[in-house]
Amino acid sequence: MTDTPKNEAQDAAEKPDYKDTVFLPKTAFPMKAGLANKEPAILERWENIGLYQKLRESRKEAEKFILHDGPPYANGNIHIGHALNKTLKDLVVRSQSLLGKDAPYVPGWDCHGLPIEWKIEEQYRKKKRNKDEVPPSEFRAECREYADKWVDVQREEFKRLGVMGEWDKPYLTMDYHAEATIVSELLKFAESGQLYRGAKPVMWSPVEKTALAEAEVEYEEITSTQIDVAFEITAAPNAPKLQELIDAGEKIHAVIWTTTPWTIPVNQALAYGADIEYGLVEAINVEELKGKKFFIARKLLSAFNERLDKQYDTRVLLNGIVMLQGSELAGAMAKHPMADKFPDSDFYNKPRPFLNGSSFVTTEAGTGLVHMAPDHGEDDFTLCKANGINPVFAVDGDGVYREDWAWLPRGDERAGSVINKKFTAKDGPICSDLRETGALLSAADDFQHSYPHSWRSKAKIIYRCTPQWFVPMDRSTQEGDETLRQKAVKAIADTRFVPEKGRNRISSMVEGRPDWVLSRQRAWGVPIALFLDRKTGNYLNDSAVNARIIEAFKTGGADAWFNADHQEFLGDAYNLDDYDIVTDILDVWFDSGCTHVFTLESDIWPSQSWKADLYLEGSDQHRGWFQSSLLESCGTRGEAPYKALLTHGFTMDKNGKKMSKSLGNTIDPKKIINVNGADILRLWAASVDYTEDHRIGDEILKGVTDTYRKLRNTFRYMLGGLSDFDESERIDPSDMPELERYILHRLALVDAQLKEHINNFAFGPYMRTLSSFAQDDLSAFFFDIRKDCLYCDAPSDPKRRAYRSAMDILFHALTRYIAPVLVFTAEEIWQSRFPDDNDSIHLKVWPEIDAAWQDDALNDKWAFIREARVAVTEAIEPLRRDKIIRSSLEAEVQYPLQDLPISSEEFTELCIVADLTDGALSVTKTEHYKCGRCWRLLPEVSEDGDLCGRCEDVIYG
RNA sequence: GGGCCGGUAGCUCAGUUGGUUAGAGCGCACCCCUGAUAAGGGUGAGGUCGCAAGUUCAAAUCUUGCUCGGCCCA
């Protein structure tokens with residue numbers, strides 16, 4: 001079993017066993033953590049002693065640090081992204097609190113919105129109920145209940161992560177007081193003239209007669225009718241070659257191609273690409289096309305030709321006439337193909353301008369000229385709007401042209417829904433009419449492409465302009481005032497960004513964003529509580545009315561708007577018959593943009609105050625919450641609701657790929673908590689560089705667990721070494737040996753670094769500084785050297801007392817340092833040494849480091865000594881490998897003593913070797929015998945197993 | 001397709017205004033200890049700094065292109 005020589009074994013048997021006289025570390029603190037089991041009990045204890053309230057009490061007079069929580073959506077279990085986000089917030093809150101500040105944390109939830117509406121609708125579908133037949137108040141009540149349920153679930157999950165906060169009183173965007181605040185903020189925008197009614201194309205389902213969100217849309221392959229339509233060019237002032245021909249009476253036609261023939265009746269303009277090359281061609285061998293000249297992008301000529309070939313069932317020969325650059329089309333005008341057919345229609349007889357659409361017009365497909373229907377496309381809408389062309393709302397909600405429309409109006413026997421395949425087919429009414437006027441160059445019902453459909457009805461959807469409410473970005477409320485955009489840009493400049501690159505990102509977004517669309521045609525949200533004057537179309541702006549609305553919301557929530565007697569809001573001054581009631585609800589981003597108002601400014605949470613010191617969210621929130629809060633606050637208060645913004649990246653799988661259910665590479669935080677413990681997940685969050693995208697996976701978690709184990713054992717060793725430590729034993733640092741003073745100096749440096757990291761929210765560097773101090777300075781150096789002293793010196797020995805006193809200082813400091821990260825372990829450690837039912841490590845403040853501990857001269861000296869020590873250990877290694885010596889205690893070292901700033905005795909101890917003599921660095925095996933108690937090999941020991949002088953003194957006094 | 005961000009040992013990260021042989025911790029391999037013991041100590045092997053070109057006496061670092069990945073838009 002062992003190769004121990006027989007005589008040695010016999011000798012050992014004859015010598016007394018001194019083990020019981022050695023002062024080994026004693027602790028009940030287990031090496032194995034068992035966090036998954038232990039953590040829930042610790043949580044329960046915190047709850048029982050009211051830790052959060054105790055902490056508030058103890059920081060009552062302290063400087064505040066307000067981290068305002070960005071609300072997660074109350075739907076579904078938490079995922080790894082939530083875990084990272086909430087952990088980082090908790091790290092900030094706890095570390096600021098550790099620094100002595102009062103850092104309350106009020107968590108919140110985002111409760112309104114589409115996803116919850118869907119869930120309820122889905123339940124209705126299962127029960128075969130029709131949503132439209134359910135009273136809005138009932139529907140909304142079910143949404144509320146659903147959100148409540150998920151708030152409860154997520155709350156438990158967050159608590160289990162060790163996140164400390166006011167969980168009993170979170171903020172919910174659906175709380176009545178919140179809804180009242182949201183509507184009151186909206187009315188501030190209204191009262192200050194920062195609200196207008198405009199139009200915008202939205203995805204619309206003619207079957208459900210409702211607007212759809214992106215997520216309600218699915219794409220499917222379908223076959224559509226593709227047509228080429230000729231628009232006669234009537235003027236081209238910047239294209240002399242064209243203008244000449246026009247003046248000469250030639251018929252020149254711009255050719256456009258579309259797969260939505262139903263948009264031709266609503267065409268209002270044509271778009272070209274300024275850098276695209278165009279050519280004018282004529283068809284020379286087809287009777288129907290004779291005498292016409294076609295204008296088209298050169299690159300797309302052959303594709304156009306093929307369509308003509310098919311149309312006329314022959315090889316159509318096209319003859320080029322002139323070429324020109326797209327930019328020459330500036331100022332050109334065309335005529336709608338139906339102009340002559342409807343001579344009384346102003347709409348069809350207005351000239352169609354050529355607009356510069358370089359940002360979206362390509363030569364990938366079509367003709368390089370795009371027909372613009374601002375009612376039915378985003379590019380169309382934006383470009384037309386910029387050129388003063390407004391939508392005409394020709395298509396009704398059910399997809400039929402409105403009654404008073406000139407071409408194919410509702411009521412016409414050929415009228416139909418624009419998503420009806422027959423209506424748009426090559427033989428349908430649109431194509432037939434165009435053909436009659438000679439404008440239809442080709443039509444084929446054969447174009448396959450993917451097209452959006454309603455997720456619910458599976459019917460085709462269209463883009464359709466609808467009236468919406470907007471907050472203007474570039475309007476001054478009063479002469480000389482800054483616009484919202486200007487205020488927001490300024491507020492960004494006044495904000496601290498961690499990391500700094502976030503500033504750039506949100507700036508460019510705010511600088512370029514369009515007006516804020518506030519309205520949604522939905523049910524589950526805060527209504528845009530406005531009265532529209534039927535005659536003028538303006539909203540009623542009366543603060544007395546608004547005050548009544550806000551009051552009603554406070555007591556009855558947003559339902560007040562849907563259930564109320566609206567005349568009561570209006571009072572005696574107005575007659576309800578003169579007004580339309582707006583039933584749109586607010587964009588949920590407006591809700592969340594108001595959280596700073598109803599949380600920080602509310603008296604419900606006296607601990608909170610405006611403005612927040614920090615908002616902390618994922619980088620996607622530059623467009624989301626950071627921005628909605630910024631715009632809301634700038635619109636109502638003229639400045640940002642936060643002093644600093646911290647953004648984190650996203651958590652990827654072990655290969656750096658995004659996690660998704662379909663890839664099956666998601667990692668469930670709950671699983672990590674239940675297997676490894678929340679402290680491991682927290683340590684992971686504190687280790688990665690959260691400012692970038694970062695990874696998680698088994699290997700990474702194993703590394704985190706290893707780091708944790710090392711740390712835990714360092715604490716376990718300290719707990720053992722400090723068992724029964726008594727105040728009477730304490731020695732003042734100024735009286736300690738140099739080694740202790742050097743370590744306290746290191747502690748002072750580390751302490752300063754850690755503090756700086758905390759104030760930069762740099763948790764990765766924080767943990768690395770801490771771990772490497774525990775590993776390199778303590779475990780591998782200080783503790784290793786002082787093991788002999790701790791185990792074998794007399795308890796009254798000043799050296800041992802000094803060591804234990806230093807260790808006590810380290811213990812107090814280190815337990816505090818790890819507390820914000822390893823919240824459970826820190827408590828376990830603390831309670832293990834200082835059991836107290838009413839106490840907690842999390843009530844403590846940052847350790848006090850005596851400025852006198854820092855001693856740079858000592859540092860330089862000991863840096864040199866440590867290098868010498870490394871040289872010695874390196875020199876020992878070959879002998880160990882050759883089995884000449886085993887323990888370093890058997891090594892006798894020669895070292896040039898004149899180089900050493902300390903005595904050879906001290907250096908012997910530091911190197912944990914037998915003896916040290918002067919000479920060039922070399923190592924041999926010592927001749928000395930081993931003390932039976934302390935195992936050191938010393939000249940005074942005459943035989944293995946005998947006691948050395950020190951040990952004899954310790955045992956026999 | 002556009003804007004912004006990133007790619008350094010197996011893993012997590014350092015790497016200052018370009019300047020010796022690109023570092024640390026963990027892991028791994030080997031050794032020691034068996035009185036921190038499912039611990040502790042020591043030594044060592046690992047890198048074309050995503051790829052390519054350019055600027056320069058000198059590039060992980062500056063420039064350009066490409067590539068891979070991410071967020072936000074379209």
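Order of the sequence lines sets the chain letters (A, B, ...), proteins ahead of strands, with each chain counted from 1.
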*Determine which pairs satisfy ring-ring contact (aromatic ring centres under 6.0 Å, His included) with at least one residue from residues 681-714 of chain A, sequence neighbours left out, and list them in order.*
A:Trp684-A:His694
Going by salt bridge (Lys or Arg N to Asp or Glu O under 4.0 Å), name the residues that satisfy it together with [X], two or more places apart in sequence or in a different chain.
X	result
A:Arg768	none
A:Glu756	none
A:Arg804	A:Glu729
A:Asp587	A:Arg520

Return the polar atom pairs (N/O with N/O) between nucleotides 8-12 of chain B and the protein under 3.5 Å, or none.
from: B:G10; atom 1: O2'; to: A:Glu699; atom 2: OE1; distance (Å): 3.4
from: B:G10; atom 1: O2'; to: A:Glu699; atom 2: OE2; distance (Å): 2.7
from: B:C11; atom 1: O4'; to: A:Glu699; atom 2: OE2; distance (Å): 3.3
from: B:U12; atom 1: O2'; to: A:Ser687; atom 2: O; distance (Å): 3.3

Residues 658-665 of chain A side chain polar contacts: donor-acceptor under 3.5 Å, at least two apart:
from: A:Ser660; atom 1: OG; to: A:Ser662; atom 2: OG; distance (Å): 3.3
from: A:Ser660; atom 1: OG; to: A:Leu663; atom 2: N; distance (Å): 3.1
from: A:Asn665; atom 1: OD1; to: A:Ser660; atom 2: N; distance (Å): 2.8
from: A:Asn665; atom 1: ND2; to: A:Asp653; atom 2: OD2; distance (Å): 2.9
from: A:Asn665; atom 1: ND2; to: A:Lys658; atom 2: O; distance (Å): 3.0

*Annotated protein contacts, base or backbone, on nucleotides 66-74 of chain B with a non-hydrogen cut-off under 4.0 Å, one of B, S, - each*: ---SSBSS-
*Nucleotide by nucleotide, 5' to 3', does protein get under 4.0 Å of the base (B), only the sugar-phosphate (S), or neither (-) in nucleotides 30-36 of chain B, counting heavy atoms?*
BSSSSBB
*Is there a donor-acceptor pair closer than 3.5 Å between any side-chain N or O of A:His376 and the backbone N or O of A:Tyr463?*
yes
*asked:* Give me each pair satisfying salt bridge (charged side-chain N to carboxylate O under 4.0 Å, His left out) with a member in residues 502-513 of chain A, each pair once, sequence neighbours excluded.
replied: A:Glu500-A:Arg503
_Pairing residues for A:Asp788 by the side-chain hydrogen bond (donor to acceptor under 3.5 Å, both in side chains) criterion, not counting sequence neighbours_ = A:Arg950
_Let me check I have this right: for RNA chain B, each base becomes ., (, ), [, ] or |, based on Watson-Crick or G-U pairs with both distances under 3.5 Å. What is the full string?_
(((((((..((((.....[...)))).(((((.......))))).....(((((..]....)))))))))))).
